[in-house]
Amino acid sequence: MTNTSVYESVDPQLGEMALRPIDPVADAELLSSWLRDPKSKYWMAQNATAESVRHEYESMRSDPYAEALMGLHRGAPRFFIEVYEPSQSELSGRYEHREGDIGMHVLTAPTRQRLQGFTRAVMRVTMEYLFDAQGARRVVVEPDVDNTAIHRLNSWVGFKPDTELRLNDKVALLSFCTKANFQASEAKERG
């Protein structure tokens with residue numbers, strides 16, 4: 001695995017997974033191509049350019065309440081996550097914040113050749129990182145209410161839907177996952 005990673009894991013079926021900080025300059029072109037893909041429509045960044053992505057992640061790098069991480073599968077970039085403090089985001093004052101809440105966004109790279117179980121492995125390693133390395137007590141997500149694919153994945157790792165919430169650019173399904181929910185989820189039962 002890479003020596004610049006901040007978190008490493010081995011998926012029983014898919015092998016080595018790791019997270020490393022996004023490099024706004026080196027990763028901008030790749031990330032912008034992922035964001036422009038039709039599969040990424042719920043990120044609402046279909047017009048992303050390498051320059052706009054570079055600027056976004058340079059800003060995030062200096063934000064003490066957020067981080068962006070590139071996800072590697074067997075050393076190759078295949079997904080990314082954004083981690084944020086919900087009380088310092090658009091969610092501030094919109095739900096009952098608890099100490100230890102961590103917000104998360106995840107995107108897997110578009111691919112022509114599907115790898116069975118990959119997205120589930122990404123979700124599992126992301127949740128393990130948040131609970132084990134970041135010390136989250138509860139993970140908060142706010143996907144678009146129409147994004148049924150992510151709702152299924154969220155349920156698989158233990159998220160419980162709470163309420164629909166109007167945000168700046170979408171109607172979101174606010175959902176929460178405690179470490180106990182994750183430990184009791186299908187993601188942990190089936191390994």
Side-chain angles (χ1 to χ4, degrees), residues 1-9 11 16-37 39-92 97 100-111 118-136 138-144 147 149-150 153-154 157 159 167-170 172 174-175 177:
M1 289 191 217
T2 176
N3 60 9
T4 60
S5 61
V6 295
Y7 188 77
E8 297 178 350
S9 180
D11 183 83
E16 298 172 353
M17 308 283 280
L19 297 169
R20 66 155 170 85
I22 282 179
D23 179 325
V25 175
D27 295 328
E29 189 63 46
L30 179 64
L31 294 174
S32 66
S33 71
W34 293 357
L35 289 164
R36 287 190 307 269
D37 190 273
K39 172 186 169 283
S40 305
K41 69 180 180 179
Y42 289 111
W43 277 69
M44 293 165 280
Q46 301 293 184
N47 296 321
T49 63
E51 181 62 23
S52 67
V53 168
R54 182 192 59 74
H55 178 72
E56 175 71 21
Y57 290 109
E58 282 177 345
S59 295
M60 189 177 282
R61 183 184 268 179
S62 64
D63 184 341
Y65 301 107
E67 73 175 326
L69 299 167
M70 180 66 78
L72 308 173
H73 176 235
R74 297 182 180 160
R78 294 289 310 276
F79 65 99
F80 73 92
I81 65 171
E82 296 176 348
V83 180
Y84 65 96
E85 168 54 54
S87 69
Q88 301 298 313
S89 76
E90 184 180 7
L91 294 177
S92 178
H97 181 269
D101 279 358
I102 293 182
M104 178 269 292
H105 302 130
V106 63
L107 180 72
T108 57
T111 181
F118 181 73
T119 306
R120 286 184 170 196
V122 166
M123 289 296 286
R124 185 185 307 112
V125 74
T126 297
M127 298 300 284
E128 289 170 350
Y129 169 72
L130 295 173
F131 287 120
D132 298 342
Q134 291 292 311
R138 184 171 70 162
V139 179
V140 180
V141 293
E142 26 70 20
D144 191 292
N147 190 346
I150 198 66
L153 281 169
N154 285 345
V157 294
F159 279 96
L167 298 178
N168 287 338
D169 54 5
K170 66 185 174 186
L174 187 65
S175 302
C177 182

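Below, all heavy atoms of this structure are taken into account, side chains as well, without hydrogens, waters or symmetry copies. Model, not experiment: these values are computed from the prediction.
A pairwise comparison of heavy atoms in Ala18 and Ser5 identifies CB-CB, 3.9 Å as the closest pair. Of all heavy-atom pairs between Pro77 and Leu30, the closest is CB-CD2, 3.7 Å. Ala133 and Tyr7 get closest at one heavy-atom pair: CB-CD1, 3.9 Å. Here the closest non-hydrogen pair linking Ala136 and Phe131 is O-CD2, 3.2 Å. In terms of heavy-atom proximity, Ser9 sits nearest to Glu128 at OG-OE1, 3.6 Å. Leu35 and Gln46 make their closest contact through O-NE2, 3.3 Å (heavy atoms, listed as atom of the first residue, atom of the second, distance).
Among residues two or more places apart in sequence or in another chain, the side chain to side chain donor-acceptor pair (under 3.5 Å) test is passed with Lys41 by none. With sequence neighbours excluded, the residues that form a side chain to side chain donor-acceptor pair (under 3.5 Å) with Glu58 are Arg54. By the salt bridge (charged side-chain N to carboxylate O under 4.0 Å, His left out) test, Asp23 is found to be paired with no residue, residues two or more places apart in sequence or in another chain being considered.
Put simply, SG on Cys177 and CE on Met104 are 8.5 Å apart, with the number rounded to the nearest 0.5 Å. Here the CZ-CZ distance, from Arg138 to Phe159, works out to 10.5 Å after rounding to the nearest 0.5 Å. Taking CG of Asp27 as the reference point, atom CZ of Phe80 lies at 10.0 Å (rounded to 0.5 Å). The line from CE of Met17 to CD of Glu8 is 12.0 Å long, rounded to the nearest 0.5 Å. To the nearest 0.5 Å, the span separating CE on Met44 from CG on Asp169 amounts to 4.0 Å. Put simply, CD1 on Ile81 and OG1 on Thr126 are 4.5 Å apart, with the number rounded to the nearest 0.5 Å.
The shortest distance between side-chain heavy atoms of Asp63 and Tyr84 does not fall below 4.5 Å. By the 4.5 Å heavy-atom criterion applied to side chains, Leu174 and Leu91 are counted as neighbours. Looking at Glu82 and Ile22, their side chains never come closer than 4.5 Å, going by heavy atoms from C-beta outward. Contact check for Thr108 versus Arg78: no side-chain heavy atoms found under the 4.5 Å cut-off. Residues His73 and Val122 form no side-chain contact, since every pair of their non-hydrogen atoms from C-beta on lies 4.5 Å or further apart.
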- Item | Step-by-step side chain to side chain contact (heavy atoms under 4.5 Å, CB included) determination, Val83 to Leu130 | CA-CA 8 Å; Val83 180; Leu130 295 173; 3.8 Å; yes
- Which is it for Val140 and His97 under the side chain to side chain contact (heavy atoms under 4.5 Å, CB included) test, yes or no, and what are the steps along the way? CA-CA 10 Å; Val140 180; His97 181 269; over 6 Å; no
- Query: Leu72 and Glu16: side chain to side chain contact (heavy atoms under 4.5 Å, CB included), yes or no, with the steps?
  - Reply: CA-CA 8 Å; Leu72 308 173; Glu16 298 172 353; over 6 Å; no
- I would like to know whether Arg36 and Ser40 meet side chain to side chain donor-acceptor pair (under 3.5 Å); could you show each step before the answer? CA-CA 7 Å; Arg36 287 190 307 269; Ser40 305; over 6 Å; no
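Ser59 places a side-chain N or O within 3.5 Å of a backbone atom of His55 that can act as its donor or acceptor partner. Judged by distance alone, with hydrogens and angles left aside, the side-chain atoms of Glu90 form a donor-acceptor pair with the main-chain N or O of Asn168 at under 3.5 Å. Panel note: side chain Lys170, backbone Tyr42; no donor-acceptor pair is recorded below 3.5 Å. For Ser52 (side chain) and Ala48 (main-chain N/O), no donor-acceptor pair under 3.5 Å exists by modelled atom type.
Relative ring orientation between Phe118 and Phe79 is described as perpendicular, the plane-to-plane angle rising above 60° on a 0-90° scale split at 30° and 60°.
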